[in-house]
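Structure first, then comments.
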Amino acid sequence: AGSNQQSEVEDIAWRLGLDFADWVDALRFDKTLQRPVWNRAQIVEVGMDDRIKIAFSQGLYTEVWKDRMDPEVAKEHSKTQQDESWRQELCPGDRVDCQDPP
């Protein structure tokens, strides 16, 4: 029980410490897949009312306001892939599988 309480306290402390330009994982609704998906997002504005405005990465051009305590906001790389180094290694002519935005 003590471990759960400690992790809850750490989560609350992390959420209260979120600030401009911090990266997080956040849930968004994917219209193509017709389901929620986790994506990396960056905090682009911090409101006075415990809300944060996040911008999703990877060219999604979507900004949304979320409560900083919202379970749809999580620590960076806790819900998404951590290793994105393959992106920097892409070369002209490489074959990739991708999903075009609508």
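Everything quoted here is computed from the prediction, not taken from an experiment. Position 1 is the first residue of the sequence; numbering continues from there.
F56 is not listed as a side-chain neighbour of R40, based on a closest heavy-atom distance of 4.5 Å or more. The shortest side-chain heavy-atom distance between V44 and E63 falls under the 4.5 Å cut-off. Counting only heavy atoms from C-beta outward, the side chains of K66 and E72 approach each other to under 4.5 Å. For the pair V96 and L90, the minimum side-chain heavy-atom distance is below 4.5 Å. Under the 4.5 Å side-chain criterion, counting only non-hydrogen atoms from C-beta, L27 is not in contact with K79. Side chains of M69 and I12 form a contact here, defined as non-hydrogen atoms less than 4.5 Å apart.
Rounding to the nearest 0.5 Å places CG of D30 at 8.0 Å from CG of N39. Atom CD1 of I54 is separated from atom CZ of R68 by 12.0 Å, given to the nearest 0.5 angstrom. Atom CZ of F29 is separated from atom OG1 of T62 by 13.0 Å, given to the nearest 0.5 angstrom. Between M48 atom CE and D50 atom CG the span is 10.0 Å, to the nearest 0.5 Å. Put simply, CD1 on I52 and CZ on R15 are 8.0 Å apart, with the number rounded to the nearest 0.5 Å. Distance CG/N4 to CD/E8: 6.5 Å, rounded to 0.5 Å.
V73 and D67 make their closest contact through CG2-O, 4.3 Å (heavy atoms, listed as atom of the first residue, atom of the second, distance). Contact detail for W23 and Q42: the closest heavy-atom pair is NE1-NE2, 3.3 Å. For the pair A74 and W38, the tightest heavy-atom approach, listed with the atom from each and the gap, is CB-CZ3, 4.0 Å. Closest approach of V46 and I43 over heavy atoms only: CG2-CG2, 3.9 Å.
Looking at D25, its side chain does come within 3.5 Å of a backbone N or O of H77 through a donor-acceptor pair.
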* Evaluate side-chain contact (heavy atoms from CB on, under 4.5 Å) for V24 paired with W14, printing each intermediate quantity in order. => CA-CA 11 Å; V24 296; W14 170 78; 4.0 Å; yes
* Are E45 and F20 close enough, and set up right, to give a side-chain contact (heavy atoms from CB on, under 4.5 Å), and what steps lead you there? -> CA-CA 6 Å; E45 193 173 334; F20 176 78; 5.7 Å; no
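Hydrophobic clustering places V64 together with L18 (ILVMFWY residues linked when any side-chain heavy atoms are closer than 4.5 Å, directly or through intermediates).
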